[in-house]
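Taking it in order: structure first as C-alpha cells, then the write-up.
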Amino acid sequence: MMAVLRSGGSVFIMLLISRMLENSLLSAEVKEGEILPPTIQKLMKGYNKYLRPFFDNGPVTVGMSLDVASIDTISEINMDYTATIFLRQRWTDERLVFEGNKSLSLDGRLVELLWVPDTFIVDSKKSFLHDITVENRLIRIFPNGTVLYALRITTTVACNMDLTKYPMDKQTCTLQLESWGYNTNDVMFYWTRGNESVSGLDTLRLAQYTVEDHYTSASEAIYETGHYPKLIFHFELKRSILYFILETYVPSSLLVVLSWVSFWISQSSVPARVCIGVTTVLTMTTLMMGARTSLPNANCFIKAIDVYLGICFSFIFGALIEYAVAHFCTLNHPDANIVMYGHQMGGFDEEMNGMVTTIAAENNRAKRRKEKAAAVSAPMAELELGPSSPTGSEPKPESPEEPPNRCLTVLVLLRKFLRKAANCCHVENPHLIDNYSRMTFPLSFVFINLLYWTYYLYL
C-alpha cells in the first residue's frame, strides 16, 4: 500500500482509509457510555496510524531513555540477566499539533489509536509488559506534536560471559534496541541525553555484583533486508569476591594446612596419618564438586577457582604420598631409626648375584662338555686323514670364540645403574623426610599463592 501511495496514484485509497479511521474513532469508547473528548476527536480527525510521521518527507527521529528499576538475577549457567526497565520513547508527529500550552496525558489504552515505533530488544529471551492493575503504559502529547510513550518491561536478555577469571571476573553486558520493520530511511534512533539517558544504576544493589561503569552507543544493524537503527546500552559488572573467599578459598586452604599436621605425627602411627590423609582428600573432593554446582558444565572454561582447587588438591594428595614414601623407607631397613637409603638395594643385589653365579656355572659346565666331545672326536679325525696330508701335521682351523652371554651382560649393567640411582637418592634417615616436608610444603604453598593472586587480580 505504501508503494502505491508513493507512486501518487492512490489518493482515493488514502482518503478512504482516513474516513474509515475517523468513523471508527468517533464511535470508540474509553469507558462505558463515554466517547472521546472533543480535543482528542479534533486531533484524530484524518489521522492514520498505519502511516508514520513525515511520510515521504524524510525519516522520523525517535529519542530514547530508560530507567533500570532492578536487575533481578544474573545467571552464569544460562548466561543471561533479568531486568525490569522503564523505556521512554519520544518523537514528533506533525499530525498531532494542537493549540495550547499544556500537554495531554491520555489513557494507555489509546496507544492503539496512534502510530508508535516498532522497537524491540535484540537479545531478549523472554519479555512481558506489566499489566497490574492496568497495562503499564503512558501516553503524553505536547502542543508541538511531540509524543512521549513509556513502558514498564521485564526482560531476560542474553549476556555472553567470559568465566576464565571466575570469581575475580568482570562481565560486560548490553541491552540493544532496534527497529523491527523500519530501516534507516524511515526511522532514526538516538539517546536523548547521551550517557545520562540511562539512570537507576547508581542506586542499584546486587547480591554478587557491583556496577562499575556504564555508557551508551548508537550504531546500525545490517541484515539482508537493509540497515536498521540500533541503540546499545553497555554496563560493566564486577563480581564481589568476599563470598567466595569465605565459602571456598578459606576452607580449601585450611584443608591443606590440616594435611600438614601428619608431618608432626610419628611414622609408626599408621592409622592416624592415613586417616588424616584420606579424610582431607575426600573432603577436598566434596568441596570441589560443590563449587561447580552453580557454574556451566563447559569444558572451554578453566576458571580461576578450578585452578586454585586443583592446587589445593595436589598439595593434600602430595602430603598423603609423602607419608607412603617415608613409611616405605622405614619398613625396608633393619634399623628403623638410622638407615641408609642405598642399603635398600642389598636384597636385590644378592638376588642378582645369585642369578649371575648361576648363569656363570651353567656356562662353565657347557664349556667342559664341549671339551670332552672334542677330545673324543680327535682320534677319529686322525684316522680319517687323506693322502694329501700323510703326516696329519696340518693345523686345524680354529673355532670362533663364543659370544658372551647377553642376559648376563644386561643384568650386570642393570645392577650398576640401580646402585648409581640408590647413591643419588641418598637419605641418611627416613624420618628426615618429614622434617623436609615441614618446610617445603608450606613454603611452596605460599609461593604458589602469591603467583596465583598476582596473576588473577592484577594481570
Side-chain angles (χ1 to χ4, degrees), residues 244-292 302-349 351 414-415 417-456:
F244 297 94
I245 289 178
L246 299 177
E247 186 75 13
T248 304
Y249 284 94
V250 171
S252 58
S253 300
L254 291 179
L255 284 175
V256 175
V257 175
L258 179 62
S259 67
W260 299 340
V261 175
S262 62
F263 301 153
W264 278 267
I265 299 177
S266 174
Q267 292 185 7
S268 60
S269 302
V270 177
R273 296 194 64 164
V274 171
C275 180
I276 290 178
V278 174
T279 302
T280 51
V281 168
L282 295 178
T283 307
M284 191 67 207
T285 303
T286 305
L287 187 63
M288 294 173 66
M289 295 176 62
R292 296 183 59 86
I302 300 178
K303 296 170 283 297
I305 195 170
D306 296 333
V307 174
Y308 192 82
L309 292 176
I311 292 172
C312 293
F313 184 83
S314 300
F315 273 89
I316 293 173
F317 190 75
L320 182 61
I321 297 299
E322 182 272 344
Y323 174 64
V325 173
H327 189 66
F328 175 79
C329 294
T330 303
L331 293 179
N332 280 270
H333 289 80
D335 188 354
N337 294 321
I338 302 176
V339 290
M340 296 288 292
Y341 182 79
H343 292 169
Q344 294 179 7
M345 306 305 300
F348 185 71
D349 286 346
E351 183 179 354
L414 180 60
R415 182 172 62 180
F417 174 77
L418 291 176
R419 284 183 180 276
K420 292 180 179 180
N423 293 330
C424 293
C425 302
H426 187 270
V427 178
E428 293 290 341
N429 187 350
H431 292 279
L432 294 178
I433 297 177
D434 284 344
N435 295 336
Y436 297 151
S437 299
R438 293 170 190 172
M439 294 295 297
T440 56
F441 272 74
L443 291 178
S444 300
F445 188 69
V446 171
F447 177 72
I448 292 177
N449 268 271
L450 290 176
L451 294 179
Y452 175 86
W453 292 104
T454 301
Y455 176 78
Y456 283 106

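Here the structure is a predicted model, which means the values were calculated and not measured.
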Does any part of the side chain of [Y], heavy atoms only, come nearer than 4.5 Å to the side chain of [X], both counted from C-beta?
{"X": "Lys303", "Y": "Arg292", "result": "yes"}
{"X": "Arg273", "Y": "Leu320", "result": "no"}
{"X": "Tyr323", "Y": "Ile433", "result": "no"}
{"X": "Phe313", "Y": "Val256", "result": "no"}
{"X": "Leu258", "Y": "Val261", "result": "yes"}

Where the side chain of [X] meets the backbone of [Y], is there a donor-acceptor pair that is under 3.5 Å apart?
{"X": "Ser269", "Y": "Ile265", "result": "no"}
{"X": "Ser262", "Y": "Ser259", "result": "yes"}
{"X": "Thr280", "Y": "Gly277", "result": "yes"}

Do other residues, nucleotides or ligands put more than 12 heavy atoms under 6.0 Å from Phe445 CZ?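 Yes, because the 6.0 Å sphere around CZ of Phe445 holds more than 12 heavy atoms from other groups.
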Does OH in Tyr452 sit with more than 12 non-hydrogen atoms of other residues, nucleotides or ligands closer than 6.0 Å?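 Yes, because the 6.0 Å sphere around OH of Tyr452 holds more than 12 heavy atoms from other groups.
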Carboxylate-amine/guanidinium proximity below 4.0 Å for Arg438 and Glu322: no
Taking it one step at a time, do Ser437 and Trp260 satisfy side chain to side chain contact (heavy atoms under 4.5 Å, CB included)? CA-CA 8 Å; Ser437 299; Trp260 299 340; over 6 Å; no
Phe315 and Ser444: side chain to side chain contact (heavy atoms under 4.5 Å, CB included), yes or no, with the steps? CA-CA 9 Å; Phe315 273 89; Ser444 300; 3.9 Å; yes
Can you measure from [atom1] ([X]) to [atom2] ([Y]) and round to the nearest 0.5 angstrom?
{"X": "Ile316", "Y": "Ile321", "atom1": "CD1", "atom2": "CD1", "value": "13.0 Å"}
{"X": "Thr330", "Y": "Gln267", "atom1": "OG1", "atom2": "CD", "value": "4.0 Å"}
{"X": "Ile311", "Y": "Asp306", "atom1": "CD1", "atom2": "CG", "value": "11.0 Å"}
{"X": "Leu443", "Y": "Ile448", "atom1": "CG", "atom2": "CD1", "value": "11.0 Å"}

Derivation and outcome, side chain to side chain contact (heavy atoms under 4.5 Å, CB included), residues Asn449 and Tyr308: CA-CA 9 Å; Asn449 268 271; Tyr308 192 82; 3.1 Å; yes
Can you confirm whether or not the ring centre of Phe244 sits under 6.0 Å from the ring centre of Tyr249?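 Not close enough - the centres of the two rings lie 6.0 Å or further apart.
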Please evaluate residues Glu247 and Leu287 with respect to the criterion side chain to side chain contact (heavy atoms under 4.5 Å, CB included), reporting the C-alpha separation (whole Å), side-chain torsions for both, the decisive distance (0.1 Å), and the verdict. CA-CA 10 Å; Glu247 186 75 13; Leu287 187 63; over 6 Å; no
